[in-house]
Amino acid sequence: MTMMMFRDALRQALREEMQRDPRVFLLGEDIGRYGGAYAVTKGLLEEFGPQRVIDTPMSEGTIVGAAVGAAMTGGRPVAEIMYVDFLAYAMDQLVNQAAKIHYMFGGQIHVPIVVRTQQGTGRGAGAQHSQSLEAWFVHIPGLKVVAPATPEDAKGLLKSAIRDGNPVVFLEHKGLYAIKGEVPDHEYLIPIGRARVARPGSDITLISYSRTMYLALEAADALAQSGIQAEVIDLRTLKPLDMETIIASVKHTRRAVVIHEASLTAGLGAEIASRLSEALFGRLAAPVRRVAALDIPLPANSHLEKLIVPDTARIVRAAQETLGYTVKETTA
Amino acid sequence: MNHEFACQALRHMVRIRLFEERTLEVLMQGKLASTMCHVSIGQEAVAAGVCMAMQPNDYITSTHRGHGHLIARGGDLGRMMAELMGKATGYCKGRGGSMHITDVALGHLGANGIVGGHIGIAVGAALWSKLSGNQAVTVCMFGDGAVTEGVFHEALNMAAVYQLPAVFVCENNQYAMSLPWTKATPPVSFKTRADAYATPGVDVDGQDPLAVYCAAAQAIAHARAGGGPTLIGAHTYRFLGHSRGDPSAYRDPEEERQWRARDPIALFKARALDEGWLTPDDMQTIEAEAQRSLDEAVRFAEESPAAPDEVAFEDVYFPTAHS
C-alpha cells in the first residue's frame, strides 16, 4: 500500500488505463498544459502527447458530443468537465444521446465514455461552481453514476468506469482532491455497483457517499461517545444503487439516515428512503431521515455556504432523533 | 456524367420518394407503430448526391427527417419498413421507429431526434478518425433548424480548429417546422458562415443531385486528404408539412408552387433525357424496380413478427464484465 492523495490516485488510474489500452484518450478544458483545474491530469500531456490528452475549446456540449461520437466509432474517451455546473451545457449529449443510443438503436452500438467532473462546496465558489447534481444523472436510465470518497476507491472505480461499455458519470468532490489514503500497489478494480461498509455498527445505519461520507464517520465517532454504534455505508456507486448492502444493514439496525450534499428535494435520500420503506416497512423502528443541503442556491461567502450544507452536528442530531423516535398515534 | 452515375442517382431518388409515399400510405392505414414520422419528399437530391460521394468506410449522422440518408447509404427497405411498423425484424428491433432509424454496419451513426444533437457526435467520429488514422470521413447531415442551435457553432469551431475529416451538410429545406429560414437567421450564405471558421463553404442547388454530388465529393476528398471540414448549404424544399398533421398553413401557396415546379426527380429525368444520360426505357426500368422493391419491403414488414414484449426491457445497458 502507498499513501497518496485522491487526485494522484485518479491520475494513476488514467495513466494505467492509457498504458493498457491505446484507445483510451482524454479531452477537456485545460487538462493538458495546465494539468487540469484540479491538477488531476498533470504530466499526462508530457507523458502521452497531444493525440491522447486533448485540450479543447470551451465547448462542453461538443466535448461530451465528441466523446460520444469517438466512442461509437472505436475510441475510449474520458472527458473532463471542469465543474459539474458546466455539464448543464452538455445535458443533451449526455441525456438524449449517450444514455439513449444503445437502447434506441436496438443494441447495434454502445457508448463507452467516462465523463469525469468535479462538484460540491467548501471553496466558497458560489452558486454556479458548488452544486452537487448527482440526482440529475441518477434519474436517467442508461447512465451509470459513480461518486467515490477514498483514494483507493477513486482509482479502482475510475479504472472500472473506463473499461465499462456504458456512459459513466464520474463525480469527484472538490474537497477531496487533497485527502490522503492508502492505495494498493498491485493492479486492482473496484466494481461499479457495490457499496462498502465503511464502519460497522449495530444501532443505526448512516448512508452516504463522496465528501459527506467523512461527515458520517465523524458523526459515528461522536455517537460512539454516548455508546451508540452507528454503521456507516459508503455507497461509492449511485447508479446502479447497491440496495442489497443497504437493506442488509438497515434490516439489522432498523434505523437509517441518508446524508448528502445535494439539495434535499428529489435527491438520492428520497430514493433510498422510499426503497427502504418498500423493502422494510414493518421492520423499521423509525422513519428514514434525510440530512441534505437546504433547497437554496449556494452563496459564495464561505461562512454562509456552511449554513446550507450538512455538517456533523446535523447528522448526529438526526441520528439521535431517529434513535429516540416513538410512534405517536395521530388523532384527526 | 456517365450512364451508370445517372442510373444510380435516379434509383436513389425514386427509392426514397416511393419509400416515403408508401410510408405515408401505411401510416394512414394505421400500420405504423409510432406517431413520429417526418418525410423528406422534395429533398431527395441532397441525400442521393451526398451519399454517392461517400466511400463504404465513411460515417454519416442523420436527422429526424432521415429516411433518405439511410436509403441512399444502401439501407435495406424491408428492415426500414419493419422498423416503422415496430416489427422484430426492424433495424432497431422496433425501438427506434422512423426518427431513430439506423444501420451501424453501413457507417450510419443514427437518425437523431434532437435538432443539432448529432453534430457533436459527428465531430467525435471525425476526431477518432484523425486519432486512429482509420481514413474515414464523417458526413453530418442536418437541417436549417440546427444552424441556429448553439452546438452548430461549437462543432464547426472544433472541427475547424482540429482540422477534422468532417463534412457538414445543411439540408436547408427553408422551414424549421413553421419558421422560415429568412426569419430564423440573417441572410448569410453558407460560404460566409464557413469563412467565420476559416474553412471551405459552398452553397449548392439542393434540387440537383449532380451539383450536390460535386460539392460533396470535393469536400470529402479535401477532408480525407487532411484539409479539414467543409460546410455545404444544399438549398431545397420540404414539399409536405413538418409531419403528418401539418398542412403548412404558414406557407405561401405560390412559393410552394414554385418549388414544386423544381421537383428534383422530374428535373433530373428531363435533364438526363436531354443530355442522353438515360433513355425512357432506363427510367421505366429503374422506377419499376423501385416499385417492386417497395412492394417486397412492405410485404416483408407486414409478414414479420411484432417486436416481442421483452424488447421493451432489453439493452438499457451494454453488458460489461470488468471485475
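Note on naming: letters A, B, ... go to the chains in the order of the sequence lines (proteins, then strands), and numbering restarts at 1 for each one. Hydrogens, waters and symmetry mates are skipped; everything else that's a heavy atom, side chains included, is used.
Interface remark: B/T102 contributes backbone and side-chain atoms alike to the contact with chain A (heavy atom separation under 4.5 Å). With a 4.5 Å cut-off on non-hydrogen atoms, B/N157 touches chain A through its side chain but not through its backbone. For chain B, no part of A/R52 is nearby; none of its heavy atoms comes within less than 4.5 Å. Contact annotation for A/I63: both backbone and side-chain heavy atoms come within less than 4.5 Å of a heavy atom of chain B. For A/H110, the part lying under 4.5 angstrom from a heavy atom of chain B is the side chain only. Interface residue B/A111: only backbone heavy atoms are found under 4.5 Å from chain A. Of the two parts of B/E83, neither the backbone nor the side chain holds a non-hydrogen atom closer than 4.5 Å to a non-hydrogen atom of chain A. The contact between A/Q93 and chain B is made entirely by side chain atoms (from C-beta outward), counting heavy-atom distances below 4.5 Å.
A pairwise comparison of heavy atoms in A/T73 and B/Y59 identifies CG2-CZ, 3.4 Å as the closest pair. Heavy atoms only, all atoms of each residue included: B/V104 and A/Q108 are closest at N-OE1, 2.9 Å. Here the closest heavy-atom approach between residue B/A155 and residue A/T62 is recorded as N-OG1, 3.8 Å.
The number of heavy atoms from other shown groups lying within 6.0 Å of CE (A/M91) is above 12. Within 6.0 Å of atom CD in A/Q19, more than 12 heavy atoms from other residues, nucleotides or ligands are found, so the atom counts as buried in its surroundings. Heavy-atom neighbours of A/Y89 OH from other residues, nucleotides or ligands within 6.0 Å: at or below the threshold of 12. Under a cut-off of 6.0 angstrom, the local environment of CZ in B/R244 is sparse, with at most 12 non-hydrogen atoms contributed by other residues, nucleotides or ligands. Surrounding CG of B/D309 are at most 12 heavy atoms belonging to other residues, nucleotides or ligands under 6.0 Å away. Residue-environment remark: OH (A/Y34) stays at or below the threshold of 12 foreign heavy atoms within 6.0 Å. A 6.0 Å sphere centred on CD of B/E302 holds more than 12 heavy atoms belonging to other residues, nucleotides or ligands.
Separation of atoms CD1 (A/I101) and CG (B/D315) is listed at 13.5 Å; rounding is to 0.5 Å. In this structure, OG1 in A/T56 is found 5.0 Å from OH in B/Y162, a value given to the nearest 0.5 Å. Put simply, NZ on A/K100 and NE2 on B/H100 are 10.0 Å apart, with the number rounded to the nearest 0.5 Å.
In this structure, B/W128 and A/F25 have parallel ring planes: the angle between them is below the 30° cut-off, well short of the 60° mark.
Taking chain A as the reference chain and counting heavy-atom pairs below 4.5 Å, the highest number among B/I114, B/L127, B/I101, B/T61 is found for B/I114. The most heavy-atom pairs under 4.5 Å with chain B, out of A/P141, A/G74, A/G107, come from A/G74. Between chain A and the options B/V123, B/T138, B/L109, B/V151, the largest number of non-hydrogen pairs under 4.5 Å is found for B/L109. Interface remark: of the candidates B/H118, B/E314, B/M99, B/E314 forms the most heavy-atom pairs closer than 4.5 Å to chain A. Note on B/K93, B/K130, B/E154, B/H153: by heavy-atom pairs under 4.5 Å with chain A, the leading option is B/E154. Top candidate by heavy-atom pairs under 4.5 Å with chain B, chosen from A/L27, A/V68, A/V111, A/I54, is A/I54. Top candidate by heavy-atom pairs under 4.5 Å with chain B, chosen from A/P77, A/A98, A/G106, is A/G106.
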*asked:* side chain to side chain contact (heavy atoms under 4.5 Å, CB included) for A/R163 and B/T320? Distances and angles first, verdict last.
replied: CA-CA 8 Å; A/R163 297 184 196 187; B/T320 302; 5.7 Å; no
*Evaluate the side chain to side chain contact (heavy atoms under 4.5 Å, CB included) criterion for residues B/Y317 and A/K144: first the C-alpha distance (whole Å), next the side-chain angles of each, then the deciding distance (0.1 Å), finally the verdict.*
CA-CA 9 Å; B/Y317 290 95; A/K144 294 186 179 182; 3.8 Å; yes
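No donor-acceptor pair under 3.5 Å is formed between the side chain of A/Y103 and the backbone N or O of B/F313.
For the pair B/R95 and A/F105, the NZ or CZ position fails the cation-pi test of under 6.0 Å to the six-membered ring centre and within 45 degrees of the ring normal.
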